[in-house]
Each structure stands twice: as structure tokens, then as C-alpha cells.
**Student:** 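Structure provided below as C-alpha cells; questions to follow.
Chain naming here is simple, since letters A, B, ... match the order of the sequence lines and numbering starts at 1 in each.
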Amino acid sequence: SQQGEEDPQALSIQEGENATMNCSYKTSINNLQWYRQNSGRGLVHLILIRSNEREKHSGRLRVTLDTSKKSSSLLITASRAADTASYFCATRSGYALNFGKGTSLLVTP
Amino acid sequence: NAGVTQTPKFQVLKTGQSMTLQCAQDMNHNSMYWYRQDPGMGLRLIYYSASEGTTDKGEVPNGYNVSRLNKREFSLRLESAAPSQTSVYFCASSESGLSGAGNTIYFGEGSWLTVV
């Protein structure tokens with residue numbers, strides 16, 4: 001079953017604005033990952049945050065993790081049209097990753 | 001560096017036909033996976049192979065079989081295709097199944113399968 005659920009399902013913003021998407025999960029985790037999927041392409045790993053970390057940065061990406069609330073957020077600052085994609089959180093269950101249904105982000109010029 | 005390569009890219013099958021999706025990775029990864037992606041459903045795990053010589057069922061294994069041919073290759077077979085198997089199929093791999101950096105999964109570009 002799918003462990004993570006992203007919110008919102010869809011998000012539309014203008015270039016230069018920040019985009020925030022959230023992920024909630026159900027069981028204890030060792031780490032949580034975020035992936036991006038451009039239309040018609042495979043998923044690409046963005047960032048991994050471990051359960052003992054509260055915040056992590058990578059370029060314009062900022063990820064937070066609140067294990068007490070079983071939630072994570074992905075913030076993309078100063079969005080660009082090229083950030084238009086679907087974003088998925090993923091948590092590990094045994095040997096495999098479980099993905100949520102994703103947030104579809106549209107960044108308009 | 002090719003990463004994860006899967007073939008074919010597109011395929012149309014008639015109900016009842018069989019076919020095999022091929023996948024190969026050149027990163028010397030131990031674990032490989034097959035996911036399907038349907039609109040509104042996200043990605044669902046079909047089968048995975050934690051290491052060469054082992055395979056295990058994922059969330060939606062019915063109607064599929066897999067073969068871990070060697071460390072590089074992991075194929076997915078539809079024995080008797082059904083319209084419900086119309087989907088986009090992704091092969092993926094990771095260094096290991098459990099810890100640290102081995103958690104990161106690398107995906108192929110997808111195979112679009114339509115069963116009519």
C-alpha cells in the first residue's frame with residue numbers, strides 16, 4: 001500500500017514564487033526521499049532526509065521532516081518554468097520504496 | 001553512462017497476448033524493481049529483486065512474472081495481457097535495498113503499454 005500522500009494534488013504558481021508541497025506518511029521511517037518526474041519521463045531523485053534530521057537544503061530545495069507528525073515538506077524557492085513537473089515523496093518499506101500519488105506543479109512564466 | 005535502460009518504449013498488445021519488458025542497469029546495483037504508474041494511482045510496486053537470484057512480490061504482482069537474469073538484467077513478463085494492464089511501466093535499480101545512500105532509486109524512462 002502507498003505509504004506517503006502528497007498535498008496538494010496540484011499547484012499552479014508564477015515564476016519567481018515559492019512552491020511548497022507536503023507529504024504525510026503512516027509508519028516509522030529511517031528516511032524520506034523526494035523525487036521529480038517530468039512529463040513522459042522517469043523519476044529523478046532530488047533529496048533524502050534521514051529520520052534524525054529536521055531540515056535539509058540542496059540548491060533551491062529545502063526539505064523538512066517532522067517525525068512526530070509523520071510529515072515532510074518540500075519547498076522550491078524562486079520557481080522557474082523548468083520546475084514544472086510532478087513531485088513525489090517516498091518512504092522505504094522493506095527492500096522497496098513506496099511512493100505517494102504526487103503533487104503536480106505548474107510554473108507559468 | 002546509460003543508467004537504467006528499458007525496452008520497448010511503446011507497445012500495443014491484444015488481449016491475451018504475451019510480452020516481456022526488458023530492463024538492464026549498468027551501475028552494478030544489487031536491487032532492481034518494476035513499478036507501474038496509472039493516472040491518479042501514483043507508482044505501485046509490481047515485483048522487486050533485492051539481489052541477484054532473488055525476487056519478491058510487491059503490491060500488485062497478479063498477472064506478471066519476473067526474471068532476474070543476472071545482476072544487470074531484470075525482465076517483466078505479461079503472460080496473458082489484459083486491458084487492466086494498460087499502464088506505464090518503470091524499471092528501477094538501487095545500490096542496495098536497505099541502508100544509507102543505497103536507498104536512492106534510479107529509474108528508467110518508462111515503457112508505455114496499451115492492451116486492447
**Student:** Give me the contact list for residues 84-91 of chain B versus chain A, heavy atoms only, anything under 4.5 Å, ordered by residue number.
**Tutor:** B/Phe90
**Student:** Against chain B, label A/Glu6 side chain, backbone, both or neither, depending on which of its atoms sit under 4.5 Å from a heavy atom there.
**Tutor:**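 Neither; nothing under 4.5 Å.
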**Student:** Tell me whether the count of non-hydrogen atoms from other residues, nucleotides or ligands lying under 6.0 Å of NZ in B/Lys9 goes above 12.
**Tutor:**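 Count over threshold, so yes.
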**Student:** Does CZ belonging to A/Arg54 count more than 12 external heavy atoms closer than 6.0 Å?
**Tutor:**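 Above 12, so yes.
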**Student:** Is the gap between the ring centers of B/Tyr64 and B/Tyr47 under 6.0 Å?
**Tutor:**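 Between B/Tyr64 and B/Tyr47, the centre distance exceeds or equals 6.0 Å.
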**Student:** To the nearest 0.5 Å, what is the distance between OH on A/Tyr25 and OG1 on A/Thr67?
**Tutor:** 5.5 Å
**Student:** Of the backbone (N, CA, C, O) and the side chain (C-beta and beyond), which part of B/Gln37 lies under 4.5 Å from a heavy atom of chain A, both, or neither?
**Tutor:** side chain
**Student:** Restricting to non-hydrogen atoms, name the atom on B/Ala24 and the atom on B/Glu73 that form the minimum distance, rounded to 0.1 Å.
**Tutor:** CB-CG, 4.1 Å
**Student:** Using the rule that two of Ile, Leu, Val, Met, Phe, Trp, Tyr join whenever any of their side-chain heavy atoms come within less than 4.5 Å, decide whether B/Leu78 and B/Tyr33 are in one cluster.
**Tutor:** no
**Student:** Do we see a donor-acceptor contact under 3.5 Å between the side chains of B/Thr54 and B/Arg68?
**Tutor:** no
